[in-house]
Amino acid sequence: MRSIFTLSRLFTSTLALAVFASNASTVQHFTSIQHDTFAQKGSVSNAWGDFDNDGDLDFLVSIKGGEVRLYRNDDGVFTSVGKEMGLPTSGVQIRGVAWGDYNQDGYLDIMGGSNEYPFASSTFVWRNDQGKGFTEVGREIGLEMMGRISRQASWIDVDNDGDSDVYAANRAGANYLLHNEGGKFTYADPAMGVYDIRRTVGACWFDIDRDGDLDLFLANQSGDSDAVMRNDGDKFTDIAKELGMDQSGRQPTEGGVGCAVGDYDNDGYLDLYVSTYGDNLLYHNLGNGTFEEVGKQLGVTEPDHTVSAAWGDYDNDGLLDLIAIGYHKVDGVAVPFGKLYHNTGNGFEEDTRFPELTSAGDHGVEWIDFDNDGDLDLSVTDGYGDEGGHFVFRNELAAEQREKMLAVLVLDHNGHYTQQGAEVRFFDMQGNILGTRIVSTGGGYNAQSARPVYFALPKLMPVKVQVSFMGAKSPLEVNVPTKELHGKPLVIYRPEK
């Protein structure tokens with residue numbers, strides 16, 4: 001039986017939680033924008049990044065027919081520019097997309113992988129030519145990865161040397177880790193133990209044991225057990241079984257699909273949600289390198305074909321809420337099916353007020369603030385439906401609630417987006433922890449956005465923001481006055497070594 005202490009830790013580890021719960025406000029509504037523009041069936045992955053460095057997030061979507069569609073965001077109005085920018089409009093199916101600055105030139109590049117079985121499949125990298133166009137360079141830089149049936153791929157600095165390496169999941173073979181060596185990539189030594197042959201779909205990197213490097217969780221499909229790969233510097237060790245996170249004994253129709261990292265109880269430790277074919281999982285981080293599965297207890301296990309999930313505080317009450325989307329079969333046809341779970345501070349309750357959010361998509365899902373107005377908007381993709389599309393819902397939250405949002409963009413000392421996995425903690429001026437966010441290492445459905453982290457405060461007040469950079473000896477702390485809370489993101493640079 002679980003101890004009383006453990007049960008109480010789930011939601012009472014910080015004083016701030018009671019304050020957040022008592023101040024929760026109601027979201028007014030969500031508005032679907034440019035519906036006809038986005039109604040492209042066969043939409044799979046979606047990710048957000050500012051490719052032209054104009055200060056707002058642009059929208060990237062992979063389409064089953066081979067198109068990689070890019071929408072330029074001009075003050076909240078989206079224009080399709082992928083074709084004129086040199087991205088493909090047809091060809092092999094691109095299953096996943098990820099934004100990252102592999103060559104550290106200050107412009108976000110795109111990685112996408114195809115899903116053709118078995119040998120035509122390959123990975124592509126579209127180099128961003130200073131915001132004016134994209135050039136495909138996958139083979140040239142060593143990232144073609146022929147034969148890989150693409151799922152989650154992530155730009156992450158696995159060896160803490162200051163550049164973005166690549167981890168690439170494979171739905172039908174070994175996963176790969178490739179080291180970035182001056183903008184060219186080489187395969188990691190097999191002795192490192194990263195070439196897992198289980199059928200991986202989702203991969204999430206975060207510092208599980210708090211030793212300053214990124215560890216890896218793998219959501220594996222088709223009955224395969226999941227993996228937790230501890231980063232020991234020169235090798236990776238699978239510790240999933242000893243942590244009770246392996247999910248061994250699955251049926252062939254069951255398995256992990258996606259994963260989402262977030263501090264749902266604001267205790268400063270990153271928790272993990274796993275979307276599955278079966279009962280979804282929520283691993284509560286106990287703060288000592290171990291986890292407790294609490295999904296059923298907290299009511300977020302809704303069984304069906306759950307494809308992806310994302311954490312996001314959609315009502316700005318300071319608590320991370322959760323959306324999980326996928327599909328179920330109706331007369332043999334896949335129909336979008338999702339759940340929006342509101343975090344009450346004492347558990348999760350299904351929020352049924354916004355059926356448009358949970359019925360529009362079956363694959364990708366991302367929370368972002370595309371219009372920089374201080375509340376989280378939502379994008380989803382529908383890959384199976386006859387109509388389908390990749391839809392964007394603008395959050396219409398009251399102005400007084402939006403003012404409490406603090407967005408933090410974390411960059412290296414040169415202003416490049418290379419700090420995926422850095423942890424951003426928020427404290428009041430007395431030093432009490434308010435919560436933690438992570439710079440994205442991948443999520444949704446086979447996607448990786450390059451965006452700020454978002455945190456809603458219990459009230460307008462000065463705060464301390466602390467960033468733990470991977471490999472750094474100590475975190476960087478910044479005091480943020482109340483007057484700097486609202487507006488464009490606060491940019492925090494990693495100190496130069």
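Side chains of Ser43 and Val61 form a contact here, defined as non-hydrogen atoms less than 4.5 Å apart. The closest side-chain heavy-atom distance from Asp351 to Tyr341 is not below 4.5 Å.
Heavy-atom minimum distance, Ala153 versus Arg148: CB-NH2, 3.7 Å. Residue Gly212 comes nearest to Asp207 through the heavy atom pair N-OD2, 2.9 Å, listed as atom of the first residue, atom of the second, then distance. Heavy-atom minimum distance, Val380 versus Ala360: CG2-CB, 3.9 Å. The heavy-atom pair separating Asp382 from Asp362 by the smallest distance is OD1-OD2, 2.8 Å.
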For Ser222 and Asp224: C-alpha separation, side-chain torsions, deciding distance, then whether side chain to side chain donor-acceptor pair (under 3.5 Å) applies. CA-CA 6 Å; Ser222 301; Asp224 288 343; over 6 Å; no
Intermediate values then yes/no, ring pair (Phe, Tyr, Trp, His ring centres under 6.0 Å), Tyr273 and Tyr283: CA-CA 6 Å; Tyr273 188 78; Tyr283 292 108; 9.6 Å; no
Go through it in stages, so that I can follow the logic: the residues are Arg72 and Asp58, the test is salt bridge (Lys or Arg N to Asp or Glu O under 4.0 Å), and I'd like the CA-CA distance, side-chain angles, deciding distance and then a yes or no. CA-CA 5 Å; Arg72 188 183 63 233; Asp58 307 298; over 6 Å; no
Step by step, work out the ring pair (Phe, Tyr, Trp, His ring centres under 6.0 Å) result for His305 and Tyr277. CA-CA 5 Å; His305 293 80; Tyr277 288 179; 4.6 Å; yes
If you apply the rule ring pair (Phe, Tyr, Trp, His ring centres under 6.0 Å), what do you find for Phe393 with Phe354, and how did you get there? CA-CA 11 Å; Phe393 297 91; Phe354 313 110; over 10 Å; no
Step by step, would you call Glu116 with Val92 a side-chain contact (heavy atoms from CB on, under 4.5 Å)? CA-CA 7 Å; Glu116 306 297 319; Val92 296; 3.6 Å; yes
side-chain contact (heavy atoms from CB on, under 4.5 Å) between Asn280 and Val300, intermediate numbers included: CA-CA 7 Å; Asn280 300 323; Val300 291; over 6 Å; no
Apply side-chain contact (heavy atoms from CB on, under 4.5 Å) to residues Ile492 and Leu409 and explain how you reach the verdict. CA-CA 6 Å; Ile492 296 181; Leu409 181 62; over 6 Å; no
What verdict does the ring pair (Phe, Tyr, Trp, His ring centres under 6.0 Å) test give for Tyr187 and Tyr176, after you've listed the backbone C-alpha separation in whole Å, the side-chain angles of each residue and the deciding distance to 0.1 Å? CA-CA 7 Å; Tyr187 287 92; Tyr176 298 120; 5.4 Å; yes
Go through Thr418 and Asp101 one step at a time and tell me if the side chain to side chain donor-acceptor pair (under 3.5 Å) criterion holds. CA-CA 7 Å; Thr418 61; Asp101 186 4; over 6 Å; no
Report the C-alpha distance between Lys339 and Phe337 in whole Å, list the side-chain angles of each, state the deciding distance to 0.1 Å, and finish with yes or no for side-chain contact (heavy atoms from CB on, under 4.5 Å). CA-CA 7 Å; Lys339 295 284 186 177; Phe337 175 81; 3.8 Å; yes
Going through the distances and angles, do Tyr454 and Asp313 end up as a side chain to side chain donor-acceptor pair (under 3.5 Å)? CA-CA 8 Å; Tyr454 304 105; Asp313 182 4; over 6 Å; no
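Between Phe78 and Phe370, the ring centre distance stays below 6.0 Å. Aromatic pair His363/Tyr384: centroids less than 6.0 angstrom apart. No close placement of the His284 and Phe291 rings is indicated, their centers lying 6.0 Å or farther apart.
Taking OG1 of Thr186 as the start and CD1 of Ile141 as the end, the distance is 12.0 Å to the nearest 0.5 Å. Annotation: the span from Asn128 atom CG to Asp52 atom CG amounts to 8.5 Å, rounded to 0.5 Å. Rounding to the nearest 0.5 Å places OG1 of Thr276 at 12.5 Å from CG of Asn220. Put simply, CG on Leu70 and CZ on Phe134 are 5.5 Å apart, with the number rounded to the nearest 0.5 Å. In this structure, the separation between CZ on Phe206 and CD1 on Ile438 is 7.5 Å, given to the nearest 0.5 Å. Note: Arg199 CZ to Arg151 CZ = 12.0 Å, rounded to the nearest 0.5 Å.
Of the possible polar contacts, none joining the Asp157 side chain to the Ser164 backbone as a donor-acceptor pair under 3.5 Å is found. Judged by distance alone, with hydrogens and angles left aside, the side-chain atoms of Glu293 form a donor-acceptor pair with the main-chain N or O of Gly295 at under 3.5 Å. Listed for the Asp50 side chain is a donor-acceptor partner under 3.5 Å among the backbone atoms of Asp54. Checked by atom type and distance alone, the side chain of Asp189 pairs as donor or acceptor with a backbone atom of Ala191 at under 3.5 Å. Not a single donor-acceptor pair under 3.5 Å links the side chain of Asn446 to the backbone N or O of Ser45. Between the side chain of Asp215 and the backbone N or O of Asn231 there is at least one donor-acceptor pair closer than 3.5 Å. At least one donor-acceptor pair under 3.5 Å links the side chain of Asn395 to the backbone N or O of Leu376. The main-chain N or O of Ile156 is never found under 3.5 Å from a side-chain atom of Ser154 such that the two would form a donor-acceptor pair. Checked by atom type and distance alone, the side chain of Asp232 never pairs as donor or acceptor with a backbone atom of Asp234 at under 3.5 Å. Using a distance-only test at 3.5 Å, with no hydrogens or angles considered, a donor-acceptor pair links the side chain of Glu254 to the main chain of Gln251.
Under the 3.5 Å distance criterion, with hydrogens and angles disregarded, no donor-acceptor pair is assigned to the side chains of Thr436 and Glu423. For Glu366 and Ser449, the side-chain atoms include at least one donor-acceptor pair closer than 3.5 Å. Checked by atom type, the side-chain pair Arg95/Tyr445 shows a donor-acceptor distance below 3.5 Å. With 3.5 Å as the limit, one finds a donor-acceptor pair spanning the side chains of Ser248 and Asp246. Side chain to side chain, Ser114 and Ser121 meet the donor-acceptor criterion of an N or O pair below 3.5 Å. Asn115 and Ser150 are not linked by any side-chain donor-acceptor pair at a separation below 3.5 angstrom, with hydrogens and angles left out of the test.
Looking at Val44, Ile63, Thr37, Asn46 one by one, the single match for side-chain contact (heavy atoms from CB on, under 4.5 Å) with His390 turns out to be Ile63.
Salt bridge status for Arg494 with Asp412: absent, with no side-chain N to carboxylate O gap under 4.0 Å. At a threshold of 4.0 Å, the pair Asp226-Arg250 counts as salt-bridged, since one of the basic side-chain nitrogens sits closer than that to a carboxylate oxygen. The pair Lys296-Asp279 meets the salt-bridge criterion, since a charged nitrogen lies less than 4.0 angstrom from a carboxylate oxygen. Under a 4.0 Å N-O distance rule, the pair Arg198/Asp238 qualifies as a salt bridge.
Relative ring orientation between Tyr264 and Trp311 is described as parallel, the plane-to-plane angle staying below 30° on a 0-90° scale split at 30° and 60°. Classified by interplanar angle (parallel below 30°, tilted 30° to 60°, perpendicular above 60°), the ring pair Tyr314/Phe30 is tilted. Between Trp155 and Tyr102, the two ring planes are parallel [angle under 30°; tilted spans 30° to 60°].
At most 12 heavy atoms of other shown residues, nucleotides or ligands fall within 6.0 angstrom of atom CD in Gln130.
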